[in-house]
Amino acid sequence: MARLPILRYPDPRLHTVARPVATVDERVRRLVDDMLETMYTADGVGLAATQVDVHERVIVMDTSEQHDQPLVLINPEIVKRSDERAVNEEGCLSVPLIYDRVERPARVTVRALGRDGQSFELDAEGLTAVCVQHEMDHLLGKVFVEYLSPLKRDRIRTKMLKKTRDELRGK
């Protein structure tokens, strides 16, 4: 397995719409394993392939307390959303150290393929529902900061660009 570099907002590649996975083969399983290692190493609960510059519909996540229940969603589709809404604080591995409140459906049902290529459905609520929706946004080329006001988004963009410049200069 290998740790993959995570794209950082406002990298334009984060706005690429992911294409469906044609076949769940060894290449895709290796991508899943590398994404899981990357997510766990970065102390995240979810990661979309878009964030590691692979523009295919693959998500890995683990919202368990012990971080020992990885979930793989290949070609995920939300098939049901609750009318009830919930506001939760979200963060993102592509926007490190930035957190803000986002409103989303409180519960979703998602249909996807697992690492084994078999189809399954998942009823999600709480953190798992938030994570599924957040990561699926990445597959559509959307980053959570786009739910925020233009002023907040501009401040975050400026902060992230400065952070990247500072890192390149070795500060």
Side-chain angles (χ1 to χ4, degrees), residues 3-20 35-36 38-65 67 71 73-112 122-171:
R3 185 160 186 266
L4 305 169
I6 298 172
L7 298 179
R8 187 180 288 167
Y9 180 81
D11 191 308
R13 294 172 289 179
L14 288 168
H15 298 292
T16 304
V17 176
R19 65 188 177 281
M35 287 175 62
L36 283 166
T38 302
M39 178 190 74
Y40 286 129
T41 301
D43 200 27
V45 296
L47 186 68
T50 301
Q51 294 175 270
V52 294
D53 204 20
V54 176
H55 303 287
E56 293 182 89
R57 295 184 59 78
V58 178
I59 293 170
V60 298
M61 44 189 282
D62 187 342
T63 57
S64 69
E65 288 284 324
H67 300 299
L71 180 62
L73 304 171
I74 299 169
N75 295 335
E77 292 176 75
I78 293 179
V79 294
K80 192 163 110 183
R81 292 175 173 83
S82 68
D83 291 333
E84 180 188 352
R85 313 274 299 169
V87 177
N88 293 283
E89 183 132 303
E90 293 188 27
C92 181
L93 294 175
S94 291
V95 194
L97 305 176
I98 302 292
Y99 299 89
D100 214 314
R101 296 167 65 80
V102 176
E103 181 179 316
R104 299 182 183 274
R107 290 176 304 286
V108 295
T109 301
V110 63
R111 180 181 305 133
L122 171 73
D123 292 318
E125 60 184 321
L127 179 58
T128 302
V130 171
C131 191
V132 165
Q133 294 172 86
H134 177 109
E135 300 309 332
M136 286 186 68
D137 277 351
H138 279 299
L139 300 181
L140 298 173
K142 188 171 185 175
V143 180
F144 91 98
V145 298
E146 293 172 48
Y147 288 99
L148 308 178
S149 72
L151 178 62
K152 279 187 177 180
R153 203 169 38 243
D154 286 346
R155 285 182 177 163
I156 291 168
R157 185 179 197 284
T158 300
K159 186 176 187 173
M160 296 306 298
L161 288 170
K162 181 184 183 311
K163 183 176 173 75
T164 300
R165 266 195 317 273
D166 289 350
E167 286 172 357
L168 291 174
R169 285 196 285 238
K171 287 187 177 180

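A search for side chain to side chain contact (heavy atoms under 4.5 Å, CB included) contacts involving D100 returns F144, L148, K152, not counting sequence neighbours. Legend: residues meeting side chain to side chain contact (heavy atoms under 4.5 Å, CB included) with T164, ordered by chain and number and at least two apart, are R8, L168.
T41 places no side-chain N or O within 3.5 Å of a backbone atom of T38 that could act as its donor or acceptor partner. Formation of a donor-acceptor pair under 3.5 Å by the R157 side chain with backbone atoms of P10 is not found in this model. Side-chain atoms of E146 never come within 3.5 Å of backbone atoms of K142 as a donor-acceptor pair (strictly under, hydrogens ignored). Remark: the backbone N or O of D154 is paired with a side-chain donor or acceptor of T158 at under 3.5 angstrom. Side-chain atoms of E56 never come within 3.5 Å of backbone atoms of A49 as a donor-acceptor pair (strictly under, hydrogens ignored). Under a 3.5 Å cut-off, the side chain of H15 and the backbone N or O of G141 do form a donor-acceptor pair.
Atom CZ of R153 has more than 12 heavy atoms from other residues, nucleotides or ligands within 6.0 Å. Counting non-hydrogen atoms of neighbouring residues, nucleotides and ligands closer than 6.0 angstrom, the CD atom of E125 reaches no more than 12 such neighbours. For CZ of R3, the number of neighbouring non-hydrogen atoms (other residues, nucleotides, ligands) closer than 6.0 Å is greater than 12. Open room surrounds CD on E65; 12 or fewer heavy atoms of other groups in view lie less than 6.0 Å from it.
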Query raised in the report: Do V95 and V145 pass the side chain to side chain contact (heavy atoms under 4.5 Å, CB included) test, and can you show the C-alpha distance, the side-chain angles, and the key distance before you say yes or no?
Result: CA-CA 9 Å; V95 194; V145 298; 4.2 Å; yes
Requested in this report: Give the C-alpha distance, both sets of side-chain angles, the deciding distance and a yes or no for side chain to side chain contact (heavy atoms under 4.5 Å, CB included) between R19 and R57.
Outcome: CA-CA 6 Å; R19 65 188 177 281; R57 295 184 59 78; 6.0 Å; no
Report task. Take R101 and E89, measure what salt bridge (charged side-chain N to carboxylate O under 4.0 Å, His left out) needs, and give me the verdict at the end. Result -> CA-CA 4 Å; R101 296 167 65 80; E89 183 132 303; 5.2 Å; no
Report task. Determine, step by step, whether V79 and V110 satisfy the side chain to side chain contact (heavy atoms under 4.5 Å, CB included) criterion, reporting the C-alpha distance in whole Å, the side-chain angles of both residues, the deciding distance to 0.1 Å, and the verdict. Result -> CA-CA 6 Å; V79 294; V110 63; over 6 Å; no
Query raised in the report: Between E90 and R104, is a salt bridge (charged side-chain N to carboxylate O under 4.0 Å, His left out) present by the stated rule, with each step listed?
Result: CA-CA 11 Å; E90 293 188 27; R104 299 182 183 274; 2.6 Å; yes
Requested in this report: Could you walk me through whether V102 and N88 pass the side chain to side chain contact (heavy atoms under 4.5 Å, CB included) test, one step at a time?
Outcome: CA-CA 6 Å; V102 176; N88 293 283; over 6 Å; no
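Residues K163 and D166 are not paired through a salt bridge, judged by the lack of any N-O separation under 4.0 Å between the basic side chain and the carboxylate.
L140 CG to T16 OG1: the interatomic distance, rounded to the nearest 0.5 Å, is 12.0 Å. To the nearest 0.5 angstrom, I6 atom CD1 is 6.5 Å from S94 atom OG. Here Q51 contributes atom CD and D11 contributes atom CG; the two are 11.5 Å apart, rounded to the nearest 0.5 Å. Considering CZ of R85 and CZ of R107, their distance stands at 12.0 Å, rounded to 0.5 Å. With rounding to the nearest 0.5 Å, the separation of CG in L7 from CG in L14 is 5.0 Å. To the nearest 0.5 Å, atom CG of residue L4 and atom CG of residue L47 are 8.0 Å apart.
Closest heavy-atom contact between M136 and P76: CE-O, 3.4 Å. Heavy atoms only, all atoms of each residue included: E84 and S82 are closest at O-OG, 2.9 Å. Counting all heavy atoms, side chain and backbone alike, P96 lies closest to M160 at CD-CE, 3.3 Å. Here the shortest heavy-atom pairing between L93 and A42 reads CD2-O, 3.6 Å. Smallest separation of non-hydrogen atoms from P20 and N75: CA-OD1, 3.3 Å. Nearest heavy atoms, E135 versus G46: OE2-C, 3.2 Å.
Between I98 and Y9, the closest side-chain pair of non-hydrogen atoms is not below 4.5 Å.
No option in T109, L71, V108 other than L71 meets the side-chain contact (heavy atoms from CB on, under 4.5 Å) test with L122.
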